[in-house]
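Everything below concerns the one structure shown next.
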Amino acid sequence: MDERSAPEPARPAARSARRRAAAGLAALLLVAAAAGAQAQTPAADAATVELDHRRIVELRATLFGDPPAERAAMAQSVLAEAAMRGPGVVTRTRIGDTVRFDVDGVTVFFLAADDLPGRLPEPLLDGAALKVERRLVLALQESKEARDPRRLGIAAAWSAGASAALLLALRGLWRLRRWSSRRLGHRLDTWLDVDTRRGVLATYLPHVRRASGLAGDVVVWGTGLLLVNLWAGFVLRAFAYTRPWGESATGWLLGVLGDFAIGVVHAVPGLLVVLLIAVFARLLTRALTLLLRRVESGELQLGWLDADTAAPTRRIGNFVVWLFALALAYPYLPGASSESFKGVTVLAGLMLSLGASGVVGQAMAGVGLMYSRSLRIGEYVRIGETEGTVAAIGMFATKLHTGLGEEVSLPNTVVVGQPVRNFSRLVADGRFVLHTAVTIGYATPWRQVHAMLLEAARRTPGVAAEPAPYVVQTALSDFYVEYRLVAQADRSAPHSRAEAMNRLLADIQDVFNENGVQIMSPHYLADPPAPQVVPPGEWFGGGAPLKPPPAA
């Protein structure tokens, strides 16, 4: 047996009691071993022995029929009494595969091999017992310190000084925050006065102020919380009763900072790989963009690709490249293998799968429009009730300029689901078709109506002479005949089809008024007593002070 005692001499009564306890324990162990009784059996739950919040040991085995919880309860009861009455001399004794711990000659608890975690605890028993002894000695010393008025006064003085220092530090931190905010605002105002591009700077100045203010608040609050954490750890460690809590708080902070630093160091190689993947993807997308832009401009011709499909191919190709780059870089991202990162990824995927069905449908419809070539930028079309010039064909929407000061954005699913009338596809030079319908009574010869409509088309600037305009009769209604004039615009026509139609309709009214032919209304009741026409002398309001517009 290896027995070590504290340097203080033991009293004779305590020495004799220790000898009697050791002899009785040895006899009990020998009798139990000879009888084949169960000495140690692993327990399901561990019980902790502690003194004034200082953890000493965890008991996991059932020893002499006592489960870990009962062993821990008896040990804490004996330890509390020993800490109150004696000098706190700790002795440990190795007995077979157990170690006995005494305080002032009184047995407190036994540490068995099965109390240690792991598959092979026997070789580690001596090392574990030494650590338990050190924690037991420290707990007894802190228990005495917690009852010492002098040590409590010193701890209170240190705590008061630390609290005053914390208040001064926080006050200085907030003053520094206000000073830096004023300094930055003054510097931004100075830049605004001397910068020649003050319009651009003034536009983003409020955003810069808000961003800098938010960054300053984050730094100040983070530093303040760090100071408060350090103060709390210092004050808790100053008192023996709360010292384990202070050590836990400081250890937690140091552990977090250490884990962060180690994580940063370990993440550097992965970040370098991610950077290389991003650079390679950027170079590949740049080369693809340069190639397909030449196809869009007509500088390069490929048999499988034309100018209309080069733009969507460029977008899809860049998207696919970056998608593969993200898939390759994902394992090298910091924290990619952590459970939190996986949980966020699963949540993001679930949200995208639930909410992106409409977006995916819009994108697929946009790709179909681009590759079907049913629309081209600059063509004049009618989609449903909307009519205008195609300004843009995107992945999610198609934009039309109506010529009336409006831009209409149509979702691609709407464009795909409705008939599209293209007024420019069958016209040379990328222009558009001009057509309109008029209803004239049966009393007017149809040949005259044809001649008047063709005359109006001839007068209208911007109507092409070749191919020549023509008139077709599209309906023989109850009270009138419907005539439709079809013509094509030339390069001198206005860019807006609405303006070209405005000119054509104005000339049609003029020609019909000159010939005394009224244009019938759909709500026809009876022929009026006099034809509803405007004589040429009344075209500009008769006696009104209006003047005819200048000749085009």
Side-chain angles (χ1 to χ4, degrees), residues 1-8 10 14 18 21-22 25 40-64 66-118 121-148 151 233 236-252 255:
M1 293 187 297
D2 179 19
E3 182 175 359
R4 296 186 298 175
S5 301
E8 297 183 3
R18 189 184 310 116
L25 177 63
Q40 302 172 16
T41 56
D45 298 326
T48 303
V49 178
E50 59 182 22
L51 178 63
D52 292 340
H53 311 295
R54 173 67 67 180
R55 174 184 168 275
I56 299 174
V57 66
E58 284 188 356
L59 304 178
R60 297 180 174 84
T62 298
L63 190 63
F64 305 122
D66 295 329
E70 294 184 7
R71 292 175 59 199
M74 290 187 294
Q76 290 203 181
S77 177
V78 175
L79 184 60
E81 294 179 1
M84 292 294 295
R85 69 171 185 266
V89 179
V90 177
T91 304
R92 64 182 174 91
T93 305
R94 177 71 181 262
I95 304 175
D97 58 349
T98 61
V99 178
R100 186 186 71 197
F101 290 88
D102 299 335
V103 176
D104 295 332
V106 179
T107 302
V108 179
F109 59 86
F110 291 86
L111 180 66
D114 289 337
D115 288 325
L116 304 181
E122 179 68 26
L124 305 178
L125 182 59
D126 291 333
L130 180 59
K131 294 180 180 179
V132 171
E133 180 184 9
R134 292 173 180 174
R135 289 196 293 265
L136 181 57
V137 171
L138 180 60
L140 291 171
Q141 292 176 353
E142 289 177 345
S143 178
K144 292 182 180 180
E145 182 182 342
R147 299 189 301 272
D148 188 354
R151 299 295 297 270
L236 292 175
R237 289 196 307 273
F239 297 92
Y241 188 78
T242 59
R243 189 169 297 155
W245 297 342
E247 293 174 354
S248 299
T250 306
W252 173 82

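Being a predicted model, the structure only gives us computed values, none of them experimental.
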Taking the side chain as every heavy atom from C-beta outward, state whether [X] and [Y] have any pair of such atoms under 4.5 Å apart.
| X | Y | result |
| --- | --- | --- |
| Glu133 | Val99 | no |
| Leu125 | Leu111 | yes |
| Arg135 | Leu138 | no |
| Arg92 | Leu130 | yes |
| Val49 | Phe101 | no |
| Val103 | Leu136 | yes |
| Leu79 | Leu140 | yes |

Per the side chain to side chain donor-acceptor pair (under 3.5 Å) rule, what does the pair list look like for residues 74-84, sequence neighbours excluded?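 For residues 74-84, and leaving out neighbouring residues, there are no side chain to side chain donor-acceptor pair (under 3.5 Å) pairs at all.
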
Answer yes or no: is there a donor N or O on one side and an acceptor on the other, between the side chain of [X] and the main chain of [Y], under 3.5 Å?
| X | Y | result |
| --- | --- | --- |
| Arg54 | Ser143 | no |
| Arg55 | Pro244 | no |
| Asp115 | Leu59 | no |

Heavy-atom pair of closest approach, residues Arg147 and Ala83: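 Scanning both residues completely, I find the closest heavy atoms to be NH2-O, 2.9 Å.
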
Is the count of non-hydrogen atoms from other residues, nucleotides or ligands lying under 6.0 Å from Arg134 atom CZ greater than 12?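 At most 12 heavy atoms, drawn from other residues, nucleotides or ligands, come within 6.0 Å of this atom.
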
